[in-house]
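In what follows, a structure is listed as structure tokens, so that the remarks can point back to it.
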2 protein chains.
Amino acid sequence: MPDADRQAANFQRVREAHQTELAEDYVELIADLIDSTGEARATDVARRLGVAHPTVVKAIGRLQRDGLVESLPYRSIFLTETGRAMAERCKRRHEIVVGFLRKIGVDEETAERDAEGIEHHVSEMTLAAFERLIRSKPLG
Amino acid sequence: MPDADRQAANFQRVREAHQTELAEDYVELIADLIDSTGEARATDVARRLGVAHPTVVKAIGRLQRDGLVESLPYRSIFLTETGRAMAERCKRRHEIVVGFLRKIGVDEETAERDAEGIEHHVSEMTLAAFERLIRSKPLG
DNA sequence: TATAACGTGTAGTATAAGCTATAATTGTTG
DNA sequence: CAACAATTATAGCTTATACTACACGTTATA
Ligand SMILES: [Mn+2]
Ligand SMILES: [Mn+2]
Ligand SMILES: [Mn+2]
Ligand SMILES: [Mn+2]
């Protein structure tokens, strides 16, 4: 595969990641709200994401269309089986990325900040490398 | 700062990163084309990014509006001082991220793929940690 | 030099993601 | 139980990023 084609494929993959990224953060956040407070409401999701609530309502519509959540008018938001599975996967990945950044000497707040973006662009192979590094003996 | 607020701030930062991300990849790619082939043409940029050429033309318009590139009708694309500086910064960062992934055992192709997305979400502190690790003795 | 090939621009469309403002519903409380 | 506060929905707008189809310039070559 010529170099230009491979580069194009890489950029294409990043664009794909951006499409799933929002869904991933939403389901992870919704799962977190359900598990910690008993239910996920649009207002809470909006506050946690730092966006206006109509933005959340529209996003929830897309997630429902894509089979990740279920919601009835004026009721709170539920995850489908698929959505719950995605949330679990994302939560695990999120924790690995944070743990890994901590391990190489990044402070807690920065690790959380960077992980929120990095997590969506980490392949299985890289994730495995992160885990390996976390389990290795202290660095430095 | 309450937990919900900090989480919102983190998500906000990721959204900001997404706004600069495209500009970063464009200027880096344009610089690469200029340095390796003598000029950057919209078609080449399109092929390397894996998008249709009108997409590039519109993006170039935005980059020009934002003072990163200059272009005249039917001529190739040039970087402004600002654009060139951004390209250099991004190239360096890109290389650090790739080098770091290689160091922890990720193969060349995967490293390139993941780096294309990760690079935009790496803070200065994390980048410094990556550099430290690259310079450290072999792992494993 | 005429024309074909290539590159660039424009028009028009779609979707996602965001916003503000306003309306409708629900739930709480006096 | 009526009124009010909180929550949710909708309408209407904006910008960015993509696409296809078509028009226009430039460049190369026959
Ligand atoms: Mn995230
Ligand atoms: Mn996350
Ligand atoms: Mn990139
Ligand atoms: Mn890059």
May I have the distance from B/Ile77 (atom CD1) to C/dG9 (atom P), rounded to whole angstrom?
8 Å
How long is the line joining CZ of A/Phe11 and C1' of D/dT17, in whole Å?
15 Å
Determine: side-chain N/O of B/Arg75 to OP1/OP2 of C/dT8, distance under 4.0 Å, yes or no.
no
Would you check if the side chain of B/Thr37 reaches a backbone N or O of B/Ile34 as a donor-acceptor pair within less than 3.5 Å?
no
Within less than 4.0 Å of OP1 or OP2 of D/dC19, is there a side-chain N or O belonging to B/Thr55?
yes
Do B/Asp25 and B/His120 come close enough that some side-chain heavy atom pair is under 4.5 Å?
yes
Within the 4.0 Å heavy-atom criterion, would you say A/Ala52 contacts the bases, only the backbone, or no part of the nucleic acid?
base
Rounded to whole Å, how long is the line connecting atom CD of B/Gln64 with atom P of C/dT8?
14 Å
Would you indicate, yes or no, if D/dT17 has its OP1 or OP2 atom less than 4.0 angstrom from a side-chain nitrogen or oxygen of A/Arg15?
no
Candidates D/dC24, C/dA24, C/dT10 - which lies nearest the side chain of A/Tyr74:
C/dA24
Which heavy atom in A/Thr82 sits nearest to a heavy atom in A/Gly67, and how many Å separate them?
CB-O, 3.9 Å
Which part of the nucleic acid, if any, lies within contact of A/Arg65, taking any heavy atom under 4.0 Å across all strands shown: a base, the sugar-phosphate backbone alone, or nothing?
sugar-phosphate
Can you tell me how far P of C/dG18 sits from CG of A/Leu49, to the nearest Å?
8 Å
note: A/Leu22, atom CG; D/dT17, atom C1'; distance rounded to Å ~ 15 Å
When you match B/His53 and B/Pro73 each to their closest nucleotide on DNA chain D, which lands nearer the 5' end?
B/His53
Within this structure, what is the CG-to-P distance between B/Asp25 and D/dA18, rounded to whole angstrom?
10 Å
Identify whether any heavy atom of B/Arg62 sits under 4.0 Å from a base atom; if not, whether one sits that close to sugar-phosphate; answer base, sugar-phosphate or nothing.
base
Would you call the rings of B/Phe130 and B/Phe100 parallel, tilted or perpendicular, where under 30° means parallel and over 60° means perpendicular?
parallel
With sequence neighbours left out, which residue pairs that include part of residues 35-64 of chain A fulfil the ring-ring contact (aromatic ring centres under 6.0 Å, His included) condition?
none
Proximal nucleotide (of D/dC19, D/dC13, D/dT10) relative to the B/Pro54 side chain:
D/dC19
If each of B/Ala23 and A/Ser76 is mapped to the nucleotide of DNA chain D with the nearest heavy atom, which maps nearer the 5' terminus, i.e. the 5' end?
A/Ser76
Does A/Thr43 place a side-chain N or O at less than 4.0 Å from the phosphate oxygens OP1/OP2 of D/dA6?
no
For B/Lys58 and C/dT13, give me the distance from atom NZ to atom P, rounded to whole Å.
12 Å
Could you check how far CZ of B/Arg41 sits from P of C/dA5, rounded to whole Å?
17 Å
